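Predicted, not measured: the structure shown is a model, and the values here were computed from it.
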Amino acid sequence: MMTRLYSSTVLGVDGVEVEVEVDFRPMAEKRTFIVGLPDAAVKESGQRVDTAIQNSGLPFQQGIFVVNLAPADLRKQGPGFDLPIALGMVAGAAEKEMDASAWCIVGELALDGTVRPVQGILPQIMEARRMGRKRIMLPQANAYEGTPVQGVEIYPVSSLREAWHLLTSDALPPPFTGSGREAHAPRDKDAAVDFDEIKGQPYARRAMEIAAAGGHNILLCGSPGSGKSMLAQRLPTILPPLSPEEALETSKIHSVCGLLKRGNGLVDQRPFRAPHHTISDAGLMGEERISRREKYPWLTTASSFWMNCRNSAVPLWKPCGSRWKPAR
């Protein structure tokens, strides 16, 4: 018996839908095969899922499970496929036919069946809406992260058993709305400053105001302690607020990087980044081996500043296509 469910993964900062096909054949031995270009975390999900199903008390039989993640030429990363794989295996073992075409299911499983949060929920919800999915099942801890997206019903779950009952129920409970809590991310320490706090520095203040009004780049040169970092840190406070599209784009990138705090959704402040002038190209652009908190730091909605930048009469960086490279 074959069961088809729908999940998603993150490619860059965008979500991509993935079909999860689970085929079950009763046998005397228990084996699980996962195909479709999975990474190590996805390959290991077979052991997690088996244990989670048995510890949750859901139907389970000995046999051969073949899990196919389509499209096969797309590399599948992360533990977010645990929940749809487990639900497909339970449906096959229980020999229960169901139509899950309206659902997008994402979540990591613990060995006791608890559903753990995953990163990149926001772009995956946006992809589910684009593909016409009406409902998304996600971890309870990621519930508020999906509230900015309209047009998709959000159903958070905390355990595999709860997810199974929700998927097979004839009458669905009301979807999660996030009412009663603030959907925006809290202000960080950089937001506690204000451009009005700058005393003196009339020429620098005027240059910053012109750059902010016209959307220009600005190069601050001066000796240590002259106020370069202080001025740059307060620049975002005089920039116009994020538009709804910019806020959603910024929140999506923060979601992929795992920078959204639990219980918060939309980021409505312009980010501020201050990398050191010795940063490598890989660290600047966001390379795969760099930690997630260092990836994708350069947003079109962000203010960036070079720390400890030496005085120079020539531009330190020059535009090259859509990226910036050191000037020769």
Side-chain angles (χ1 to χ4, degrees), residues 3-10 13-22 56 58 78-88 90-91 96-109 113-185 244-245 247-252 254-256 260-268:
T3 304
R4 179 180 287 109
L5 301 99
Y6 296 91
S7 184
S8 61
T9 186
V10 175
V13 293
D14 297 317
V16 179
E17 185 174 83
V18 175
E19 291 187 24
V20 180
E21 301 172 329
V22 182
S56 300
L58 295 175
F81 298 105
D82 289 2
L83 187 56
I85 290 176
L87 293 174
V90 172
K96 183 177 181 62
E97 295 185 2
M98 58 184 179
D99 182 14
S101 59
W103 290 89
C104 176
I105 305 171
V106 181
E108 178 185 354
L109 286 177
T114 302
V115 181
R116 291 174 171 168
V118 296
Q119 295 182 351
I121 281 292
L122 186 55
Q124 295 182 63
I125 296 178
M126 297 173 65
E127 173 66 9
R129 180 183 63 179
R130 189 184 72 84
M131 297 300 295
R133 310 300 165 198
K134 300 178 181 179
R135 297 180 285 272
I136 181 165
M137 185 187 302
L138 45 72
Q140 183 73 46
N142 293 121
Y144 285 93
E145 195 171 329
T147 53
V149 182
Q150 303 296 322
V152 180
E153 297 178 351
I154 299 176
Y155 289 89
V157 294
S158 57
S159 66
L160 176 58
R161 174 179 285 274
E162 181 184 354
W164 171 252
H165 292 323
L166 179 64
L167 189 62
T168 58
S169 175
D170 295 331
L172 293 175
F176 179 82
T177 59
S179 59
R181 288 196 58 179
E182 180 62 46
H184 298 274
E245 295 77 13
L248 197 58
E249 177 187 2
T250 304
S251 302
K252 181 174 68 172
H254 278 69
S255 175
V256 172
L260 283 180
K261 300 295 188 298
R262 183 174 299 182
N264 300 306
L266 200 64
V267 175
D268 59 355

Does the side chain of [X] reach to within under 4.5 Å of the side chain of [Y], using non-hydrogen atoms?
X    : Y    : value
P139 : V115 : yes
V152 : K134 : no
M137 : L166 : yes

Considering non-hydrogen atoms only, spot the tightest contact between [X] and [Y] and give its length.
X    : Y    : answer
S56  : R161 : O-NH2, 2.7 Å
M98  : L87  : CE-O, 4.2 Å
F176 : P156 : CB-CD, 3.6 Å
L172 : W103 : CD2-CZ2, 3.9 Å
S101 : R133 : O-NH1, 2.7 Å

Next item on the list: Indicate whether the side chain of Q124 and that of S8 have a donor and an acceptor atom separated by less than 3.5 Å.
Entry: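 There is such a pair between these side chains.
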Rounded to the nearest 0.5 Å, how far apart are [atom1] of [X] and [atom2] of [Y]?
X    : Y    : atom1 : atom2 : answer
Q119 : E108 : CD    : CD    : 10.5 Å
D82  : L160 : CG    : CG    : 10.0 Å
T114 : E162 : OG1   : CD    : 10.5 Å
Y155 : S169 : OH    : OG    : 9.5 Å
Q150 : I125 : CD    : CD1   : 11.0 Å
M126 : E249 : CE    : CD    : 9.0 Å

Exam field: side chain [X] to backbone [Y], donor-acceptor pair closer than 3.5 Å:
X    : Y    : answer
S255 : S251 : no
D14  : P123 : no
R135 : C104 : no
T250 : A247 : no
R4   : E19  : no

Item checked: Check against side-chain contact (heavy atoms from CB on, under 4.5 Å), V106 and V118 -> CA-CA 8 Å; V106 181; V118 296; 3.7 Å; yes
Check: Is any NZ, NE, NH1 or NH2 atom of the basic residue among E127 and R130 found under 4.0 Å from an Asp or Glu carboxylate oxygen of the other?
Finding: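 Yes, this pair counts.
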Check: Looking at I105, L167, L138, L83, which one forms a side-chain contact (heavy atoms from CB on, under 4.5 Å) with V157?
Finding: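 In the set I105, L167, L138, L83, the residue that makes a side-chain contact (heavy atoms from CB on, under 4.5 Å) with V157 is L83.
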Notebook entry, point to check: When you look at V20 and Y6, which way does the side-chain contact (heavy atoms from CB on, under 4.5 Å) test go after all the steps?
Noted result: CA-CA 6 Å; V20 180; Y6 296 91; over 6 Å; no
